[in-house]
Amino acid sequence: MLVDVQHNPLIGLKGYRAKILHFAKATTSPKDDYCYFEDGLLVTRDGKVIFTGDYKNNINQYDKLDIQDYSGKLLLPGFIDSHMHFPQTEMLASFGEQLLDWLTDYTFPTENKFADYTYARAMADVFLRQLYRHGTTSAMVYSSVHKCAADALFEAAQKHNMLLMAGKVCMDRNCPDWLQDSPQTAQRDSAELIKTWHGKDRLHYVITPRFAPTSSEAQLAVLGELAQQYPSVFIQSHLSENHNEIAWVKSLYPKHKHYLDVYDHFGLVRQGAVFGHAIHLEKDEWQCLAERGASIAFCPTSNLFLGSGLFNLAQAEQHNIPVMLATDVGGGTSFSMLKTLGEAYKVCQLRGNQLDPMHGLYLMTQGAAVGLGLEQQIGNLNPGSDADFVILDPLFDELTELRFKHHNSPQDLIFALSILGDDRATVATYIAGKPVYQAARQHN
Ligand code: GUN
Ligand code: FE
């Protein structure tokens, strides 16, 4: 039977009833500028949001709408994790070392396994499953040095129509020779990956020099040329994470003013460039990031776990540098952006600042999207945005049932979830309007 879609406006529409919370606009006061519907309605069609608002006042215009009832649960835009390492999924919680020894002892041997496409493809599925069960729907990801592992990750993400940003790591020195590329192969493989994946469906390529110590000047130069050739690709690297790392960069690049200047010299600091950590910056480095319009990924669980230091969020914001929250799996200790927010709160406490929960939520949704220039697609529930969202149950166990009995302002829900919650709170995760995760446990 033929169905006349034009004369049946309900075809393909799907509604969701829940407490709905998001940030509709870019803001410097997320504490006040959020949109909250205690009894809300989200309507989607063809993978896009078409309506977000109050349920009772708007349900009439959607007679016979197919509604998924999540009343009492919290519906948020899917989380954005702006810095993580796909091949480190299996090495979370590796004991005892700070950054440089941790890379040598654990990271490089693990990443070597990703030379095998079949292995990488299977791990890509594990990695994406972990993201989805934690409510993360978009991420900016480092793959390994091997081109085939990046192909495997993009293929896996494409299957779910996910907005994924990822890149093949480039490193041609100061790491085991069995894990090195060269300036020529880094350029060739990155260019081929850009041609294959960048702009295909919802996928984006990220030029990915691992960090200054593992790239020669020749390699940074070709990656800078590639960035110029493809202005719409993202760039990611590590910056000023650990004191020994910084001293090493100074000895390897003695002519440069500071760590960031190494990247800047090769044209790798610009809008769409995301630098992980940025903990121990000099005054000029803050200014350079601000002038170039680059962003910072704040990775609190990693910074505490590797003993790297306390990121200065207040200073970054004084400089108007976009900051996004990130797990940095596997230097980070959890795939959960909720837990990451809780640890960001503690890092700010140690610096004498309070991180408001709405501010923290902004840094993993709309604020991250704005920093990436993707706020027309992700990070919010505005009509026209992609229907990427997560349903959380704030009352997911005996303790949280007690905790929330009498306090449930949206701030309080987000704060307590950030301290007590993790994937146990996730009821379902949707990407482009389709469920990619549904909890086995019944949430009442
Ligand atoms: N610096 C260079 N590589 C890495 C990495 O894999 N993780 C972290 N946290 N820092 C790095
Ligand atoms: Fe990292």
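Computed from heavy atoms alone, side chains included, the values below leave out hydrogens, waters and symmetry copies. First listed ligand is number 1; within each ligand, the first listed atom is number 1.
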Subject >> Neighbouring protein N, O or S atoms of the Fe ion (ligand 2) [cut-off: under 2.8 Å, no waters] >> reply: His83 NE2, His85 NE2, His238 NE2, Asp328 OD1

Original post:
Taking atom NZ of Lys339 as the centre, does the number of heavy atoms from other residues, nucleotides or ligands within less than 6.0 Å exceed 12?
Top reply: no

Original post:
Does any N or O atom in Glu111 lie less than 3.5 angstrom from one in ligand 1, N or O only?
Top reply: no

**OP:** For Glu245 and His277, test the side chains for any donor-to-acceptor distance below 3.5 angstrom and give the result as yes or no.
**Re:** no

Original post:
What part of Thr214, side chain from CB on, backbone N/CA/C/O, both or neither, has a heavy atom under 4.0 Å from ligand 1?
Top reply: neither

Original post:
Going by atom types only, do Asp386 and Gln377 share a side-chain donor-acceptor pair under 3.5 Å?
Top reply: no

Original post:
Does Tyr142 reach ligand 1, in the sense of a heavy atom lying below 4.0 Å from it?
Top reply: no

Original post:
Nearest to atom 1 (N) of ligand 1 by heavy atom, Met171, Gln88, His238, Glu245: which?
Top reply: His238

Original post:
Taking Lys73 for the side chain and Leu392 for the main chain, is one N or O donor matched with an acceptor at less than 3.5 Å?
Top reply: no

Original post:
Does one side chain, of Thr136 or His134, offer a donor that lies under 3.5 Å from an acceptor on the other?
Top reply: no

**OP:** Could you tell me whether some N/O pair between Asp328 and ligand 1 is separated by less than 3.5 angstrom?
**Re:** yes

**OP:** Just jot down the ligand 1 atoms closer than 4.0 angstrom to any heavy atom of Leu99, in number order.
**Re:** 1 (N), 8 (C), 10 (N), 11 (C)

**OP:** Indicate whether the side chain of Thr400 and that of Asp397 have a donor and an acceptor atom separated by less than 3.5 Å.
**Re:** yes

**OP:** For atom 10 (N) of ligand 1, grab the closest protein heavy atom and report residue, atom and distance to one decimal in Å.
**Re:** Glu241 OE1, 2.7 Å

Original post:
Under 4.0 Å from ligand 1, counting heavy atoms only, is it the side chain of Trp102, its backbone, both or neither?
Top reply: side chain

Subject >> Neighbour count >12 (heavy atoms, 6.0 Å) for atom CD, Gln271 >> reply: no

Original post:
Where the side chain of Tyr142 meets the backbone of Ser237, is there a donor-acceptor pair that is under 3.5 Å apart?
Top reply: yes

Subject >> Side-chain donor-acceptor contact under 3.5 Å, Ser232 with His198 >> reply: yes

Original post:
Any idea how His243 and His280 line up, ring-wise: parallel (<30°), tilted (30 to 60°), or perpendicular (>60°)?
Top reply: tilted

Subject >> Where ligand 1 meets Arg210 - atom numbers and elements under 4.0 angstrom, heavy-atom basis >> reply: 2 (C), 3 (N), 4 (C), 5 (C), 6 (O)

